[in-house]
Protein chains: 2
Amino acid sequence: MQKKKYNISVEATLEVIGGKWKCVILCHLTHGKKRTSELKRLMPNITQKMLTQQLRELEEDGVINRIVHNQIPPKVEYELSEYGRSLESILNSLCAWGENHLTKVYGDKFSVLEDSVLNEQLK
Amino acid sequence: MQKKKYNISVEATLEVIGGKWKCVILCHLTHGKKRTSELKRLMPNITQKMLTQQLRELEEDGVINRIVHNQIPPKVEYELSEYGRSLESILNSLCAWGENHLTKVYGDKFSVLEDSVLNEQLK
DNA sequence: CGGTATCCCTACAGATACTG
DNA sequence: CAGTATCTGTAGGGATACCG
């Protein structure tokens with residue numbers, strides 16, 4: 001058997017977006033093309049290693065594009081591929097559900113730090 | 001700080017449905033109430049320990065209900081809670097995307113084993 | 001049948017240092 | 001800036017046995 005067996009189709013989805021950071025990365029990319037360093041700032045808790053690793057896997061699965069600008073200093077950008085954009089509505093739903101969930105759990109004042117508050121987080 | 005900090009709201013969603021088996025369990029429950037043993041048969045690769053653990057966490061987060069029938073032999077059923085049903089459209093989308101993805105990757109004949117083929121899988 | 005309790009191990013991820 | 005390469009540690013999860 002060369003093909004992996006799945007007992008339910010959602011497992012195939014999870015194989016693509018189920019990594020520890022993949023949904024988060026993809027969500028950020030729904031807001032547009034991002035440089036590596038931007039992603040790192042957007043995810044203060046991810047390590048360089050994990051970031052690269054997860055990006056590679058997402059690229060292999062065809063949901064993101066890696067754009068290398070040949071220049072010094074290096075500049076690499078990532079964006080949702082056309083195929084990856086087929087995940088956009090799911091990603092948006094996931095974000096929306098999370099927001100609503102936080103409101104439900106913590107009340108109106110919950111602590112999602114959007115892109116704005118990143119300055120003081122750079123430990 | 002008593003509240004966990006999230007850098008993006010999808011992290012809150014992942015906290016609820018991001019466990020290794022949670023999406024799979026929830027997908028099965030979108031098809032209706034299920035007994036513990038049914039779930040185990042639907043997920044041949046999950047261990048009793050993980051199944052119970054994931055079910056407990058889903059229950060704590062309020063997305064599933066645990067229904068205990070006081071009888072011998074014991075009978076316990078799980079179902080999506082009302083709150084959990086707010087995840088249904090996401091779960092369905094995840095399943096649908098996975099099906100489409102498998103078709104894309106493997107062609108029309110892919111190996112998702114739906115509920116039907118479970119007989120010969122009970123190793 | 002459904003659920004605990006143990007033991008145990010490895011795969012994943014963190015830290016650090018280095019390269020082009 | 002972006003990305004490797006090592007080393008290391010730990011906690012997530014497997015196997016097994018047992019309980020109500």
Are A/Thr52 and D/dA2 close enough that a side-chain N or O sits under 4.0 Å from OP1 or OP2?
no
Only counting residues at least two apart or in another chain, list the ones meeting side-chain contact (heavy atoms from CB on, under 4.5 Å) with A/Ser89.
none
Would you mind telling me which of C/dC1, C/dG14, D/dA15 lies closest to the side-chain atoms of B/Arg35?
C/dC1
Does B/Trp21 have any side-chain hydrogen bond (donor to acceptor under 3.5 Å, both in side chains) partners at least two apart in sequence or in another chain, and if so, which?
none
So which atom in A/Gly62 and which in A/Ser81 form the shortest heavy-atom distance, rounded to 0.1 Å?
O-OG, 2.6 Å
Results of salt bridge (charged side-chain N to carboxylate O under 4.0 Å, His left out) for A/Glu57 - residues two or more places apart only:
A/Lys22
For A/Arg35, is there any backbone N or O sitting under 3.5 Å from a side-chain donor or acceptor partner on A/Glu38?
yes
Canonical and wobble pairing (Watson-Crick, G-U, under 3.5 Å) of DNA chain D, dot-bracket with |:
||||||||||||||||||||
So what does A/Lys49 touch, heavy atoms closer than 4.0 Å: a base, only the sugar-phosphate, or nothing?
base
Tell me every residue that passes side-chain contact (heavy atoms from CB on, under 4.5 Å) with B/Glu82, counting only those two or more places apart in sequence or in another chain.
B/Arg85
Would you mind telling me which residue lines up with the more 5' stretch of DNA chain C, A/Met50 or B/Pro74, judged by nearest nucleotide?
B/Pro74
Between C/dA15 and A/Thr47, is there an OP1 or OP2 to side-chain N/O distance shorter than 4.0 Å?
no
Counting only non-hydrogen atoms, which of residues 54-73 of chain B are less than 4.0 Å from DNA chain C?
B/Arg56, B/Arg66, B/Pro73
Between the main-chain N or O of B/Gly84 and the side-chain N or O of B/Glu88, is there a donor-acceptor pair closer than 3.5 Å?
no
What is the nucleic acid contact for A/Gln48, judged by heavy atoms within less than 4.0 Å: base, sugar-phosphate only, or nothing?
base
Short side-chain N/O contact from A/Lys20 to OP1 or OP2 of C/dG14, under 4.0 Å
yes
Whether A/His28 and A/His31 hold their rings parallel, tilted or perpendicular, with breakpoints at 30° and 60°:
perpendicular
